[in-house]
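Structure record follows, encoded as structure tokens.
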Amino acid sequence: MSPPALIARELGDLLCQGKRELKAPGSLGGSRAPGLPDLVERLISVDISPVSTAPVSEFSAYISAMKSVKIPDGLSRSAARQLADDQLRLVVQLPQLRQFLLTNLVEVEGHYLWRVNLEAISHHLADIMDFPVFHKPYPGPALFLGGSNSKDYPEIQRLFPKADVQYIEGAGHIVHQDKFEEFITAVLNFLPPP
């Protein structure tokens, strides 16, 4: 079973346990939850649109750069992050993107490694970048949040007729990191009161 299919199954299992609201799922969650319309009450999709995209060479390059990072054991966390940042800089030129990637650098017993499974991501990148085909529109409320450089696709309105599409000025692909307060405001305005 492919990682996207596994995530769809996991989301279904989670939602069947009574969890009716998914708050800001990641790219895979946001692209798989519409296939579970009876289980998902409302959907927030952050900088992902319902179109299939070919794997962008940048992502492969970022993954390769992360795999090639070498950090000697025993360094302090700040020194390790600085060293990794320096090594990533040649490939990942945007400082905010490097900082986002570095959130996945963790220390385990004095050794630094990536929290995410880079081998699985690189092996399944085409699946991850592919938005599954849905023939039936998602009936619930949906919020599509994108950075100001994102593009609106007609498929959003076709597949998500109740969609509210918003673009956050000055944010790139990592909307929640680039413009945190604006991101939180948009999400809180979309969610029903507790």
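Residues take their numbers from the sequence shown, with the count starting at 1.
Trp114 has its side chain within reach of Leu102: a pair of non-hydrogen atoms, C-beta onward, lies under 4.5 Å apart.
A donor-acceptor distance shorter than 3.5 angstrom exists from the side chain of Ser148 to the backbone of Gly170, with no hydrogens or angles considered. Here the side chain of Arg115 pairs no donor or acceptor atom with the backbone of Val106 at under 3.5 angstrom. In this structure a side-chain-to-backbone donor-acceptor pair under 3.5 Å is missing from Arg158 to Pro137. Using a distance-only test at 3.5 Å, with no hydrogens or angles considered, no donor-acceptor pair links the side chain of Tyr112 to the main chain of Ala84. One N or O on the side chain of Lys162 and one on the backbone of Pro139 form a donor-acceptor pair closer than 3.5 Å.
Once rounded to the nearest 0.5 Å, the distance linking CD1 of Ile63 with CG of Leu101 reads 9.5 Å. Note that CG of Asp73 and CD of Glu109 are 10.5 Å apart. Values are rounded to the nearest 0.5 Å. Expressed to the nearest 0.5 Å, how far CG of Leu43 lies from CZ of Phe190 amounts to 7.0 Å. Remark: Lys136 NZ to Leu159 CG distance equals 12.5 Å, nearest 0.5 Å. Between atom CG of residue Leu75 and atom CD of residue Gln82 there is a gap of 11.5 Å, rounded to the nearest 0.5 Å. Expressed to the nearest 0.5 Å, how far CG of Leu83 lies from NZ of Lys70 amounts to 11.5 Å.
Nearest heavy atom pair, residue Met66 against residue Val116, reads CE-CG2, 4.4 Å. Between Asp178 and Gln96, the shortest heavy-atom distance links the atoms OD1-CG, 3.5 Å. Annotation for Ala80 and Leu105: closest pair O-CD2, 4.1 Å, computed over non-hydrogen atoms. Minimum interatomic distance between Pro161 and Tyr138 (heavy atoms only, all atoms of both residues): CD-O, 3.5 Å. Between Val175 and Leu145, the shortest heavy-atom contact is CG2-O, 4.5 Å. Scanning both residues, Val165 and Tyr167, for their nearest heavy atoms gives CG1-OH, 3.5 Å.
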As a quick check of understanding, evaluate side-chain contact (heavy atoms from CB on, under 4.5 Å) for Val108 and His111, giving each step before the final call. CA-CA 5 Å; Val108 177; His111 179 72; 5.6 Å; no
Report the C-alpha distance between Val187 and Val46 in whole Å, list the side-chain angles of each, state the deciding distance to 0.1 Å, and finish with yes or no for side-chain contact (heavy atoms from CB on, under 4.5 Å). CA-CA 10 Å; Val187 169; Val46 181; 6.0 Å; no
List the steps, then state whether salt bridge (charged side-chain N to carboxylate O under 4.0 Å, His left out) holds for Arg81 with Asp85. CA-CA 6 Å; Arg81 281 182 65 100; Asp85 186 49; over 6 Å; no
Determine, stepwise, if the pair Phe180 / Thr185 fulfils side-chain contact (heavy atoms from CB on, under 4.5 Å). CA-CA 9 Å; Phe180 182 75; Thr185 299; over 6 Å; no
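By the rule that hydrophobic residues join a cluster once side-chain heavy atoms approach within less than 4.5 Å of another member, Leu143 and Ile184 end up as members of one cluster. Val69 is not connected to Leu90 by any chain of hydrophobic side-chain contacts under 4.5 Å among Ile, Leu, Val, Met, Phe, Trp and Tyr, and they are in different clusters. Leu113 and Ile71 fall into different hydrophobic clusters, defined by Ile, Leu, Val, Met, Phe, Trp and Tyr side-chain heavy atoms under 4.5 Å apart, directly or through other members.
Around atom CZ of Arg89, more than 12 heavy atoms belonging to other residues, nucleotides or ligands sit under 6.0 Å away.
Lys179 has no carboxylate O lying under 4.0 Å from a charged side-chain N of Glu169, or vice versa, which leaves the two without a salt bridge.
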